[in-house]
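Here, residue 1 is the first one in the sequence, and each next residue gets the next number.
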Amino acid sequence: MHAMDVLGDPVRRRILELLADGELASGAVVEHIREEFGISQPGVSQHLRVLRESGLASVRAEGTRRLYSVDAGGLREVDGWLAPFRHFWEQRLDALGTEIARGRRARREEP
């Protein structure tokens with residue numbers, strides 16, 4: 001399955017957002033997703049499997065726990081797909097960076 005197809009699902013996007021903050025046990029992922037989306041543990045496990053099989057998430061065993069994390073390799077496909085569109089926002093981000101730097105400099109120069 002193409003990474004963009006996988007990320008088309010809001011539950012899987014949310015799981016990746018959770019994992020972006022660091023490694024999480026599958027139970028913690030289930031709790032968050034059940035709370036936000038009302039999905040059962042088997043349903044969340046299916047989403048985790050899809051993320052894992054698509055290369056967007058990885059899992060490692062620690063005793064009886066399964067710890068999930070973002071797999072940067074799978075995100076390279078998304079990054080590559082986005083490459084031709086970056087020019088739409090890079091200039092604006094550069095301008096924002098310039099304005100932030102000006103604001104910091106102005107605050108340092110204040111008496």
Q) So with a 6.0 Å cut-off around CZ of Arg13, is the heavy-atom count from everything else above 12? A)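 Counting neighbours around CZ of Arg13, more than 12 heavy atoms of other residues, nucleotides or ligands fall under 6.0 Å, so yes.
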For the hydrophobic clusters of this structure (ILVMFWY residues joined by side-chain heavy atoms under 4.5 Å, transitively), does one cluster hold both [X] and [Y]?
X	Y	answer
Leu56	Leu18	yes
Leu67	Ile33	no
Leu19	Val59	yes

(Q) Working note: Met4 + Val78, criterion side chain to side chain contact (heavy atoms under 4.5 Å, CB included); need CA distance, chi angles, decisive distance, verdict. (A) CA-CA 7 Å; Met4 296 301 278; Val78 175; 4.0 Å; yes
Please table the atom pairs, donor to acceptor, closer than 3.5 Å between any side-chain atom in residues 42-50 and protein atoms at least two apart or in another chain.
from, atom 1, to, atom 2, distance (Å)
Ser45, OG, Gln41, O, 3.1
Ser45, OG, Gln41, NE2, 2.7
Gln46, OE1, Arg49, NE, 3.4
His47, ND1, Arg12, NH1, 3.3
Arg49, NH1, Glu53, OE1, 2.9
Arg49, NH1, Glu53, OE2, 3.2

Q. Where do Arg60 and Glu62 land on the salt bridge (Lys or Arg N to Asp or Glu O under 4.0 Å) test, with the steps shown first?
A. CA-CA 7 Å; Arg60 71 179 181 86; Glu62 186 177 89; 3.4 Å; yes
Q. Shortest non-hydrogen contact from Ala3 to Gly74?
A.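 Nearest pair, atom of Ala3 first, then Gly74: CB-O, 4.2 Å.
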Q | For the student: nearest non-hydrogen atoms of Val70 and Ala20, plus distance | A |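 In this case the closest contact between Val70 and Ala20 is CG2-N, 3.7 Å.
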Q: List in chain and number order the residues that pass side-chain hydrogen bond (donor to acceptor under 3.5 Å, both in side chains) with Arg14, two or more places apart in sequence or in another chain; answer none if no residue qualifies.
A: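 Here the qualifying residues are Glu17, Glu36.
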Could you tell me the separation between the [atom1] atom of [X] and the [atom2] atom of [Y], rounded to the nearest 0.5 Å?
X	Y	atom1	atom2	answer
Leu7	His2	CG	NE2	9.5 Å
Ser58	Tyr68	OG	OH	9.5 Å
Ser69	Leu24	OG	CG	9.5 Å

Which donor-acceptor pairs under 3.5 Å do the side chains of residues 96-108 make with protein atoms, sequence neighbours left out?
from, atom 1, to, atom 2, distance (Å)
Thr98, OG1, Asp94, O, 3.1
Glu99, OE2, Arg102, NH1, 2.6

Q. When the ring planes of Phe85 and Phe88 are compared, do they come out parallel, tilted or perpendicular, using 30° and 60° as the limits?
A.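 Taking Phe88 first and then Phe85, their aromatic rings lie parallel (interplane angle under 30°).
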